[in-house]
**Q** 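Before I ask anything, let me first share the structure, which is written out below as structure tokens.
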Amino acid sequence: MNTVEVLLVLVGIPLAVIVVLALLTLPGGRKRTRYKPGQPWDHAPVWYEPHPEGGSSGGHGAGPGSGAAAMGGGTTAALGSSMYPEQPEERNTDTSSGGGNGTAHGAGSSAHGAGSSAHGAGSSAHGATSAAMRPVDAGPLGGARGTW
Amino acid sequence: MTRALEVESHDTATDQTGPSRTDEGAPDAIFTFQELARLDEALTMSSRETGLRFTLYIGDLGPRTRVQAEELHARSGHHPIDAVLIAVSPGQKVVEVVTGAGAARRLPDRACALAVLSMTTSFASGDLVGGIVNGLRQLSDQAGHPATLRH
């Protein structure tokens, strides 16, 4: 074995293995940066909701608005989700039918401004939006607060 | 990804017509679809288990976070008495849990504080979705299954 062969075996093969592993593990085109504590949060506010049970019960009534609702979304986004199939009531995307089908919590009128309407399109399940929800008094509130 | 219509379309849109889905830009993606699915399932399942209505707000809460969160809670549905709002403001590094009067009976403040503590632990390490899902799990475990929903 001459010097060239020794170099090929002892240097070339390990380097090839390293390159292959690096290509497999290093994320290539990761566009979304992960949240890191302390960095500013410049996304529009979002409000995620549970799906209505059976499409009928729950304080929210049935409607196109199940799943997550974008704060300022004025558009009807995709219906249903892969996990919870479309409810029959979700078909009805007419926002003028009934007052209970809106999930836009203060769409546009809330104090933190409207999010972009395209925002809701990214979530797996989300709702259409209609009139702003009227505030209802919920009695003495409880809860907790935390910082990190 | 190819667009739905690459060709020139002869649409019938007027000035009042909103933009079509293909004209919208890429959505402002906070989470991946996998993360969204986890959030979706956690919210839906904890709400169904407990009969309470868990909603999750992620965004800025203004200078008075508690007041803002309670305002949001009041708007969280037609029946906020049994609603629980988890408001996360990653920019301000604040999480607020607001429970209505009915929900507070099953979710005492102590239980909320414990869930908040576990959430903030995850948030501090940068895991927003994991913290939220774990917090929801703790809250729904604490609230339990109401007798009216028992079958």
**Q** Can you list the residues of residues 84-97 of chain B that sit under 4.5 Å from chain A, counting heavy atoms only?
**A**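 Within residues 84-97 of chain B, the residues that come under 4.5 Å of chain A (heavy atoms only) are L85(B), V88(B), S89(B), P90(B), G91(B), K93(B), V94(B), V95(B), E96(B), V97(B).
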
**Q** Do the side chains of L72(B) and V67(B) join up, straight or via other hydrophobic residues, at under 4.5 Å, putting them in one cluster?
**A**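 Not linked; separate clusters.
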
**Q** Can you say whether T121(B) sits under 4.5 Å from chain A via the side chain, the backbone, both, or neither, judging by heavy atoms?
**A**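 Nothing of T121(B), per the 4.5 Å heavy-atom cut-off to chain A.
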
**Q** Flag the one option from L107(B), V116(B), L114(B), L39(B) with the top tally of heavy-atom pairs under 4.5 Å to chain A.
**A**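 Looking at each of L107(B), V116(B), L114(B), L39(B) in turn, V116(B) comes out on top.
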
**Q** Below 4.5 Å, heavy-atom pairs only: which of G62(B), G59(B), A101(B), A69(B) has the largest tally toward chain A?
**A**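 Most pairs with chain A among the choices: A101(B).
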
**Q** In residues 14-22 of chain A, which residues are in contact with chain B at a heavy-atom separation under 4.5 Å?
**A**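 Listed by number, there are no contacting residues, so the answer is none.
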
**Q** Quick one: what part of I58(B) sits under 4.5 Å from any heavy atom of chain A, side chain, backbone, both or neither?
**A**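 Looking at I58(B), backbone and side chain both touch chain A.
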
**Q** Tell me whether V9(A) shares a hydrophobic cluster with V6(A), the cluster being built from Ile, Leu, Val, Met, Phe, Trp, Tyr side chains joined at under 4.5 Å.
**A**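 Yes, V9(A) connects to V6(A) through the hydrophobic network.
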
**Q** Would you mind checking which part of D82(B) comes under 4.5 Å of any heavy atom in chain A, side chain (CB onward), backbone (N, CA, C, O), both or neither?
**A**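 For D82(B), neither part sits under 4.5 Å from chain A.
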
**Q** Taking A111(B), G100(B), A104(B), A115(B) one by one, which has the highest count of heavy-atom pairs under 4.5 Å against chain A?
**A**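 Most heavy-atom pairs under 4.5 Å with chain A: G100(B).
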
**Q** Checking the side chain of T120(B) only, and the main-chain atoms of W148(A) only, is there a donor and an acceptor separated by less than 3.5 Å?
**A**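 The answer is no, because no donor-acceptor pair under 3.5 Å joins these two groups.
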
**Q** Side-chain contact, heavy-atom cut-off 4.5 Å: P50(A) with T55(B)?
**A**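 With C-beta onward as the side chain, the pair touches.
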
**Q** Nearest 0.5 Å please: distance from the CG atom of L43(B) over to the OH atom of Y48(A).
**A**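 Answer for the CG-OH pair, L43(B) versus Y48(A), is 9.5 Å.
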
**Q** Does I30(B) belong to the same Ile/Leu/Val/Met/Phe/Trp/Tyr cluster as I132(B), with side-chain heavy atoms less than 4.5 Å apart forming each link?
**A**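 Linked, I30(B) and I132(B) end up in one cluster.
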
**Q** If you round to the nearest 0.5 Å, how far is CG of L128(B) from CH2 of W41(A)?
**A**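 With rounding to 0.5 Å, CH2 (W41(A)) is 5.5 Å from CG (L128(B)).
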
**Q** Does F54(B) belong to the same Ile/Leu/Val/Met/Phe/Trp/Tyr cluster as L117(B), with side-chain heavy atoms less than 4.5 Å apart forming each link?
**A**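 Shared cluster, no.
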
**Q** Which atoms of R110(B) come close to chain A, meaning under 4.5 Å heavy atom to heavy atom: side chain ones, backbone ones, both, or neither?
**A**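 For R110(B), no heavy atom lies under 4.5 Å from chain A.
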
**Q** Using every non-hydrogen atom in the two residues, find where D40(B) and H51(A) come nearest and quote the distance to one decimal.
**A**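 For D40(B) and H51(A), the tightest heavy-atom pair comes out as OD1-NE2, 3.0 Å.
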
**Q** Please state whether the side chain, the backbone, both or neither of F123(B) comes within less than 4.5 Å of a heavy atom of chain A.
**A**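 For F123(B), the contact with chain A is made by backbone and side chain together.
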
**Q** Does P45(A) reach the side chain of Y57(B), with side-chain heavy atoms less than 4.5 Å apart?
**A**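 With C-beta onward as the side chain, the pair touches.
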
**Q** Do F31(B) and V46(A) touch side chain to side chain, with heavy atoms closer than 4.5 Å?
**A**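 Of all side-chain heavy-atom pairs linking V46(A) with F31(B), none is under 4.5 Å.
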
**Q** Taking all heavy atoms of A124(B) and all of P37(A), pick out the closest pair and write down the distance.
**A**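 Closest approach of A124(B) to P37(A), heavy atoms only: O-CG, 3.0 Å.
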
**Q** Taking all heavy atoms of A144(A) and all of D109(B), pick out the closest pair and write down the distance.
**A**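 Closest approach of A144(A) to D109(B), heavy atoms only: CB-O, 4.3 Å.
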
